[in-house]
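Computed from a prediction, not measured in an experiment: that's the story for all the values here. Naming: A, B, ... by sequence-line order, numbering from 1 per chain. Below, each value reflects all heavy atoms present in this structure, side chains not excepted, and no hydrogens, waters or symmetry copies.
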There are 2 protein chains.
Amino acid sequence: MKRAPTLNDVAELAKVSRSLASLVFQDSPKVSDQSRKAVLKAAEKLGYQPNESARRLKSTHTKSIGVVLTDIHNPYYAYLFYGVESASSDSDYKILIGNSGFLSDELNQRPQIMKSRQIESIKNIRSQMIDGLICSSLRTTPDELRAASRNLPLVIIGHTPSNLITDFDVVATDEAFAAYLVVDHLTSYGHKKIVHISGGTDDGPAYRSKAFVAEMRKRKLSASARVLEGHWSQEAGYDCTEEILKSTDRPTAIYAANDLIAMGVLAKLKEQGLRVPEDISVIGYDDSQFAQLHLTNLTSVKESLFEMGRLGFELLTTRLEGKRGTNSPQLLRIKPDLIVRTSTGPVSKKSK
Amino acid sequence: MKRAPTLNDVAELAKVSRSLASLVFQDSPKVSDQSRKAVLKAAEKLGYQPNESARRLKSTHTKSIGVVLTDIHNPYYAYLFYGVESASSDSDYKILIGNSGFLSDELNQRPQIMKSRQIESIKNIRSQMIDGLICSSLRTTPDELRAASRNLPLVIIGHTPSNLITDFDVVATDEAFAAYLVVDHLTSYGHKKIVHISGGTDDGPAYRSKAFVAEMRKRKLSASARVLEGHWSQEAGYDCTEEILKSTDRPTAIYAANDLIAMGVLAKLKEQGLRVPEDISVIGYDDSQFAQLHLTNLTSVKESLFEMGRLGFELLTTRLEGKRGTNSPQLLRIKPDLIVRTSTGPVSKKSK
DNA sequence: CTGAAAGCGCTAACAG
DNA sequence: CTGTTAGCGCTTTCAG
């Protein structure tokens, strides 16, 4: 197994100097067409690939940014990532992927581990000489994060604990608008008694349920709004629905904090022989694959994850280019859409 | 923004030579406790992080391997990846992630783009000085792959086109055993008339349907076995089921080539008022989140993706360590499990 | 447009 | 155990 060809080998074969060959691979305009061709031909022949490590080593300004995803398995982060990648491929920046290396399901049970993993992951990717960093779903404190990212421009995309929002650049969803969409849609169908099953009491889910309550209050429907505390699982939906069905004052619509919870809701409803949407309307959040099943056809809130990824990348690069160097942290809130399917409908005469 | 501290800075602060400091970060045993502590303290104070690029540059033997996943969004690849990552964290190898950067759904429509992307992605990751490569879901020809990976040990994990199997190290699922599990389970419930909805005529799906046919033949049930050509979508399941229900000789069980197809099957069945499993049994493949929904409770084949990832990593590292240097390519077939849920049951008296 | 020379941060002999 | 020395492959002045 002989070693890979180097720039030297290429230059030699092409009968030019090393530096000239280097210029060719930087697409520099100050190379004669003739030399360029000779170099490219030699490179082709040798199967030459520039050595990124050597490149990075030389220049402080590496034109590459790191992306730390909590869990590449989760479609949520994957879509964010595609936004970032798409934006990067329109630029001359390269992307390095870091992964905190645990399934988010497991991690949600163990925020402590997740936190240390994330810090580790950031340190790890820093060791590759990057110009900036994009992170998502951080569980760290502002101090820890600042320490780990020191001197490195950082943008957070996606769900963001509120304690990080004021100190860093953030691109997140406009949850208030999401609540507006949901409540507006339901009330337009005549629903008033609406129950929200939350994702828990953590910062993120709490924000979503507060937005719901606020929106209901705005419409003077506080009295008929209700929030049940759940968590990100089918079981939460299933159990909460059981609870809901027991009550004498049954709601006409259920708003689940995500689609998985909504799946639990639907399962319980089916078990009880209740029809959707005739007997009760159900609405989810994420517009995940679950919502898109023919079997469920779930009306759901769709975040613009791809766009958020793109914006995060752009925010970072404008910072890097110094166009916004010393400005205070920015917060971009992106408006989601509501994808209306058949799990929501008008309030039936009977339940009125 | 001052530049990051280097090993030199650390050594200076700790009042030792550069090389000694270097040894400390390599966990070398030949450093006195005293020096080690001094160095570590200095590093801590400066916030020093070893520069990976410089490290890589120095040693030909980088102790890191590249992983090229077609689509990090797809849970299938994600689980494979976790296996790889898990094995790597038990070793002293580092992992570099490459991503071909497209959603697999889109790519399935455009194999040509996918192919070139994969080659590009491999070249890309090669530029980082890696010792070996793990890939999944390749669409390239053996020649292209050999060219892209030349001199670099390579292991393929997961679905693998048969034309690649003989030439490279491969860790894949034992599809014949999967078929055995499915048919054995169904026949034990008395099913004989079984329809398989395939994922298409490509190499991968074709292998799965052939395995089904072979298994039925082995049990002398060829006459009552039937294969409908579908593709990896709900719609295929939905449409094929419509087809199936039209036929006079209705089967008692449907085996879908993956869970998504099974979702389409269930949707159609529900629409027609048919009960599962009382009227008809349904079985899927992947044990995906769809199968795990309370709403569907789908019996499904579960591949050991995590284990395949681990084995792929181990196969690669044993190659790297030269323990199996010149041997011919290896093929490891991993046996899947059948997760039995409530979408399958005994043949009803009526349909008998 | 081209070539010579210096050095990025680190590791790996090799002597003390 | 510790320090000296010499590059890894590439980019980047700076003179031709």
**Q.** B/Arg55/B/Glu52 ion pair, N-O < 4.0 Å
**A.** yes
Q) Are A/Arg146 and A/Asp167 ion-paired here, with the side-chain N under 4.0 Å from a carboxylate O? A) yes
Which part of the nucleic acid, if any, lies within contact of [X], taking any heavy atom under 4.0 Å across all strands shown: a base, the sugar-phosphate backbone alone, or nothing?
X	answer
B/Ser22	base
B/Ser32	sugar-phosphate
A/Arg56	nothing
B/Leu20	sugar-phosphate

Q: Map A/Ala54 and B/Val31 onto DNA chain D by nearest heavy atom, then report which one ends up closer to the 5' terminus.
A: B/Val31
Separation of [N] [atom2] from [X] [atom1] (nearest whole Å):
X	N	atom1	atom2	value
A/Asp9	D/dG9	CG	P	8 Å
A/Leu7	D/dC8	CG	C1'	13 Å
B/Arg36	D/dT2	CZ	P	10 Å
B/Asp33	D/dT2	CG	C1'	15 Å
B/Asn8	D/dG3	CG	P	13 Å
A/Leu57	C/dA6	CG	C1'	13 Å
A/Asn51	C/dC10	CG	C1'	14 Å
B/Leu23	D/dT4	CG	C1'	13 Å

Look at the side chain of [X] and decide which nucleotide, out of [options], has an atom nearest to it.
X	options	result
B/Arg18	D/dA6, C/dG3, C/dG9	D/dA6
A/Gln26	D/dC10, C/dG9, D/dT12	D/dT12
B/Arg55	D/dT11, C/dT11, D/dG3	C/dT11
B/Tyr48	C/dC10, D/dG3, C/dG3	C/dC10

Minimum side-chain heavy-atom gap [X]-[Y] below 4.5 Å:
X	Y	value
B/Asp9	B/Tyr48	no
A/Ile65	A/Ile134	yes
A/Ile97	A/Phe81	yes

Does [X] put a side-chain nitrogen or oxygen below 4.0 Å from OP1 or OP2 of [N]?
X	N	result
B/Ser35	D/dT2	yes
A/Gln34	C/dC1	no
B/Ser19	D/dG3	no
A/Ser17	C/dG3	yes

**Q.** Under 3.5 Å donor-acceptor, B/Ser28 side chain and B/Val24 backbone
**A.** no
Q: Answer with yes or no whether A/Lys58 presents, from its side chain, a donor or acceptor under 3.5 Å of a partner atom in the base of C/dG7.
A: yes
